[in-house]
Every structure is written in structure tokens, then in C-alpha cells.
Amino acid sequence: MTAVTILIPALNEEKALPVTLENLSTLDPKPEQILLIDGGSEDGTCELGRQAGLEVLVSPTTGRGAQINFGVSKAKGPVICVLHADSRLPVDAVSEIRKTMADINVALASFTPRIAGPIGTRWGTTFHNYIKTWYAPLLMRPWLFVKGVRLLFGDHAMFFRREQYLEVGGCDEDIMIMEEADLCIKLARYGKIKMIPRWIWTSDRRIAAWGPIKANWVYFKVGIMWAFGARERLSKHYPDVR
């Protein structure tokens, strides 16, 4: 049986984290390890993680890519799932991860994000999130699209083999967002990039803060900027929402 580590990079996620922690407590079967990698939170994020029984570590460098790299270096499982602090996995997520990664032809995979909040599912953004996994590589990396590579993103709860992640050098720590798209391209050398047909529920907090039109425009804009190499400037166009 393949051991699975769930890795949560977090920064000031005191508001969102309780729902995610409650979800993690319902997983059946349980993962072998759950790591919360904090980026220097000034709220109760770390304490909430400890109270829930998670292994809480503070990354020496802030930034999601840096925190993921640090977490992977501390992970015990050969398969790692990176979970956002505002997302909820299906109850049988660990079984689905094991089953998917049992296929040696799959290098990286994810769940299918369903953007939702107090008012229900944001179906427009959910649909956009789904189709951009196809049109993003078609527009930005067509030679990968021909090979069947999809570009996946952080709210998908991506999972991969630790050994291969380390071999490609992990996430680029200079990129504050879109580091997952880079990782898809790196890991494509080992096999398929796929999204399995199981929901992961992700907070709609950006849509609630910005409105659906602005939110989808921002998602599209930063993707285009990433494709044309403006990677260090992306975070200026994608402000935090907590």
C-alpha cells in the first residue's frame, strides 16, 4: 500500500482552515501523514493545525512554491497531495490518489475543482476552471497539448511522486503564483498529466470579494502573463484574499 502525505501550504488561514481540518478528519482511509507548512502566519493558523493533530512546520522562506518545496523535503510518503487551506477533499481521496498513481504512466494528477461558498456552487467559474486545463496548454504550450498534457492549478489538489518532484527541482520559488503550471510542464517528461473526475470543493472567496467577472478576468490575465514570461510580476495582479 502506497503511503500518502497531504501537504498544506498556509499563510494567515485562520478563517478558512477549520473547515478544511474538519474535512481531513473524515477521510477514509486516512493519509499516512498530514503536514501543514506555514509561511510565517501572524494569526492562529499554526495553533489550529496543532490542535487538529497535524504536523506543523514553519518554512524558512515564505511563498507557496518555497513552502511546497520545504514540505516535500520533510514528507515521509512517496506520493504527495498538495491541498490548499480553503479546500475540501472527497472522503475517499486517499484511495483515489493511490489508485491513480498506481498507473506508472501518470506523472501528476488532480481532482476536479468545484468552486463553492455560502450561496452555493459558482458554476460559471467552475466550468471555466475545467476548460482552461485544456485551452491553457493549447494557447500557451501547443506542443504539450498535442501530447495530451493538461495544465492543472493549485485549487485542484495536485498529487505526484516525491522522487520525480525532487528530480525536476520542485517548484520555482521565484514564482509566487502559477507555480503549479510550471510543475505540470516539468513532470510531463515522466508521463500523463490528468484530472480525475472527482470533485474537490474550493472556497469562492475571491469571487465573493471581486465578483465573478473580475475574478475570471484576473484568472485569465495572469495565465496569459505567465505564458509570455512575466512571471515575477504575477503576484501584483493576483492579490491575497483571506
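Positions are given from 1, in the same order as the sequence printed here.
The two residues L27 and P90 come nearest to each other via the heavy atoms CD2-O, 3.4 Å. The minimum heavy-atom distance between L152 and S110, with the atom names listed, is CD1-OG, 3.6 Å. Taking both residues in full, the closest heavy atoms of S59 and I37 are given as CB-CG2, 3.8 Å, listed atom of the first, atom of the second, then distance. Contact detail for G40 and L11: the closest heavy-atom pair is C-CD1, 3.7 Å. Across every non-hydrogen atom of F160 and M101, the tightest pair is CA-CE, 4.0 Å. G71 and L35 get closest at one heavy-atom pair: O-CD1, 3.6 Å.
Under the 3.5 Å distance criterion, the side-chain polar atoms of D204 are left unmatched by any main-chain donor or acceptor of I115. A donor-acceptor pair under 3.5 Å links the side-chain atoms of R98 to the main chain of T2, judged by distance alone. With hydrogens and angles disregarded, a donor-acceptor distance shorter than 3.5 Å links the side chain of Y165 to the backbone of C171. Judged by distance alone, the side chain of T5 and the main-chain N or O of G77 form a donor-acceptor pair under 3.5 Å. Using modelled atom types, no side-chain atom of R198 and backbone atom of T112 make a donor-acceptor pair closer than 3.5 Å. When atom types are taken as modelled, the side chain of Q67 and the backbone of A10 share a donor-acceptor pair closer than 3.5 angstrom. A donor-acceptor distance shorter than 3.5 angstrom exists from the side chain of E14 to the backbone of G44, with no hydrogens or angles considered. Without hydrogens or angle criteria, T20 side chain to S87 main chain gives a donor-acceptor distance under 3.5 Å. Side chain of T126 to main chain of R122: a donor-acceptor pair is present (N/O by atom type, distance under 3.5 Å, no hydrogens or angles). One N or O on the side chain of K186 and one on the backbone of G170 form a donor-acceptor pair closer than 3.5 Å.
Note that CD1 of I207 and OG1 of T202 are 10.0 Å apart. Values are rounded to the nearest 0.5 Å. If you take SG on C184 and CG on L151, they are separated by 5.5 Å, rounding to the nearest 0.5 Å. Between M195 atom CE and T100 atom OG1 the span is 12.5 Å, to the nearest 0.5 Å. Residue E13 holds its CD atom at 11.0 Å from CG of L21, rounded to the nearest 0.5 Å.
Each of I80, L54, L89 was compared with I6 under the side chain to side chain contact (heavy atoms under 4.5 Å, CB included) criterion, and only L89 meets it. Partner of F111 under the side chain to side chain contact (heavy atoms under 4.5 Å, CB included) criterion, out of D155, L83, I196: I196 alone. The only member of Q164, R161, E167 that meets side-chain hydrogen bond (donor to acceptor under 3.5 Å, both in side chains) when paired with Y190 is E167.
More than 12 heavy-atom neighbours from other residues, nucleotides or ligands sit within 6.0 angstrom of CD1 on I131. Counting heavy atoms of neighbouring residues, nucleotides and ligands inside a 6.0 Å radius, atom NZ of K30 exceeds 12 of them.
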### Message
The test is salt bridge (Lys or Arg N to Asp or Glu O under 4.0 Å); show your working for E96 and K194 and say whether it passes.
### Response
CA-CA 13 Å; E96 289 294 326; K194 65 181 295 185; over 6 Å; no

### Message
Set out, in order, the CA-CA distance, both residues' side-chain angles and the distance that settles side-chain contact (heavy atoms from CB on, under 4.5 Å) for S203 and H84, then state yes or no.
### Response
CA-CA 10 Å; S203 170; H84 277 194; over 6 Å; no

#### Entry: Criterion side-chain contact (heavy atoms from CB on, under 4.5 Å) on W123 and R114, from CA distance to verdict
CA-CA 8 Å; W123 287 112; R114 180 169 172 172; 3.6 Å; yes

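Under a hydrophobic clustering in which Ile, Leu, Val, Met, Phe, Trp and Tyr are joined whenever their side-chain heavy atoms come within less than 4.5 Å, directly or via other members, W201 and L17 fall into different clusters. If you chain together hydrophobic residues whose side chains sit under 4.5 Å apart, F70 and L166 fall into the same group. Cluster annotation: L108 is connected to W134 through the hydrophobic network of ILVMFWY side chains, with a link wherever side-chain heavy atoms come within less than 4.5 Å. The cluster map of Ile, Leu, Val, Met, Phe, Trp and Tyr, joined by side-chain heavy atoms under 4.5 Å apart, puts V82 and V168 in the same cluster. Under the 4.5 Å side-chain heavy-atom criterion for Ile, Leu, Val, Met, Phe, Trp and Tyr, L183 and V79 are members of distinct hydrophobic clusters.
Between R64 and E180 a salt bridge is recorded (basic side-chain N to carboxylate O distance below 4.0 Å).
Looking only at side-chain heavy atoms (C-beta outward), E55 and Q33 come within less than 4.5 Å of each other. Using a 4.5 Å heavy-atom threshold, the side chains of L36 and T45 count as touching.
Note: H128 and Y135 have parallel aromatic rings, judged against thresholds of 30 and 60 degrees for the angle between ring planes.
Side-chain contact, N69 with E173: a donor N or O sits under 3.5 Å from an acceptor N or O.
Judged by the 6.0 Å distance and 45° axis criteria, R150 is positioned over the aromatic ring of Y130.
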